[in-house]
Amino acid sequence: QVQLVESGGGLVQAGGSLRVSCVVSGGTFSSWTMGWFRQAPGKEREFVATINWNDGSTGYVDSVKGRFTISRDNAKNTLYLQMNPLKPEDTAVYYCAARRRIGLAYGSDQYDYWGQGTQVTVSS
């Protein structure tokens, strides 16, 4: 059974940094695509970043380009999202997601598995 478990959220001041992690288990990930999404209070879930597990190619939403970096550690089966510098509008619950095929994916309906989410709060 595939499981995604996020961690690393918290409270940080604007301009600060935070790294959230997602441990993935229960599958063979070399041909998968991973993604990070976020959902702020009263808003729909939105795409943040995506990465192909095999070659590390990436894609980002425009609002985080140059500030966020998505990466993976094959040995640890772990997905990361490094966020720096953070802004108050980045406040949201951050979810990792997995897609059982290769190909960067930007829509939530393209993913097969989801984690439970981790809260990131950025104070001004």
Should Thr121 and Gln119 be marked as a side chain to side chain donor-acceptor pair (under 3.5 Å) after you check the CA-CA gap, both sets of side-chain angles, and the distance that decides it?
CA-CA 6 Å; Thr121 303; Gln119 176 70 47; 3.3 Å; yes

If I take atom CG from residue Leu81 and atom OG from residue Ser21, how far apart are they, to the nearest 0.5 angstrom?
9.5 Å

Value rounded to 0.5 Å, distance of NZ in Lys87 from OG in Ser63:
8.0 Å

If every non-hydrogen atom of Ser124 is compared with every non-hydrogen atom of Ala14, which pair is closest and at what distance?
CA-CB, 4.3 Å

If you look at every heavy atom in Glu6 and Tyr95, which pair is closest and at what distance?
OE2-CA, 3.3 Å

If you look at every heavy atom in Gln39 and Lys43, which pair is closest and at what distance?
NE2-O, 3.1 Å

Indicate yes or no: at least one non-hydrogen side-chain atom of Asn54 is less than 4.5 angstrom from one of Ile102.
yes

CZ (Arg45) and CZ (Phe37) are apart, to the nearest 0.5 Å, by 8.5 Å

Indicate yes or no: at least one non-hydrogen side-chain atom of Val24 is less than 4.5 angstrom from one of Thr78.
no

With a 4.5 Å limit on heavy-atom distance, are the side chains of Arg101 and Trp32 in contact?
no

Considering all heavy atoms, the nearest Leu4-Cys96 contact:
CD2-SG, 3.5 Å

Less than 4.5 Å apart, side chain to side chain, heavy atoms only: is that true for Tyr106 and Tyr60?
no

Quick one, Met83 and Val120 - any side-chain contact, counting heavy atoms below 4.5 Å?
yes

Would Tyr113 and Phe47 show up in the same hydrophobic cluster when neighbours are defined by side-chain heavy atoms closer than 4.5 Å?
yes

Scan residues 70-81 for pairs that pass salt bridge (charged side-chain N to carboxylate O under 4.0 Å, His left out), counting only residues two or more places apart or in two chains.
none

Look at the side-chain heavy atoms of Ile, Leu, Val, Met, Phe, Trp and Tyr, link any pair under 4.5 Å apart, and say whether Val2 and Met34 land in one connected group.
yes

Salt bridge (charged side-chain N to carboxylate O under 4.0 Å, His left out) partners of Asp62, counting only residues at least two apart:
Lys65

I'd like to know if Ile70 and Val23 are part of one continuous hydrophobic network [Ile/Leu/Val/Met/Phe/Trp/Tyr, side-chain heavy atoms within less than 4.5 Å].
no

Does one hydrophobic cluster hold both Trp53 and Val48, with members joined at side-chain heavy-atom distances below 4.5 Å?
yes

Side chains of Gln110 and Ser108: any donor to acceptor distance under 3.5 Å?
no

Counting only N and O atoms by type, is there a donor-acceptor contact under 3.5 Å from the side chain of Thr33 to the main-chain atoms of Gly103?
yes

Nearest non-hydrogen partners of Ala92 and Ala40, listed with the distance
CB-N, 3.8 Å

Paired with Trp36, the side-chain contact (heavy atoms from CB on, under 4.5 Å) test is passed by just one of Ile51, Thr50, Val61, Val20, namely Val20

Run the side chain to side chain contact (heavy atoms under 4.5 Å, CB included) test on Ser17 and Gln82 for me, step by step, so that the C-alpha distance in whole Å, both residues' side-chain angles and the decisive distance to 0.1 Å come before the verdict.
CA-CA 8 Å; Ser17 63; Gln82 179 69 48; 4.0 Å; yes

Under 3.5 Å: donor-acceptor pair, side chain of Asp112, backbone of Arg99:
no

Donor-acceptor pair, distance only, cut-off 3.5 Å: does the side chain of Asn52 make one with the backbone of Ser57?
no

Geometric cation-pi criterion Arg38 and Tyr94, 6.0 Å radius, 45° cone
no

Within the side chain of Thr118, is there an N or O that forms a donor-acceptor pair under 3.5 Å with the backbone of Gly9?
yes

Crowded around Gln13 CD? As in, over 12 foreign heavy atoms under 6.0 Å?
no

Do the non-hydrogen side-chain atoms of Val122 and Glu89 ever get within less than 4.5 Å of each other?
no

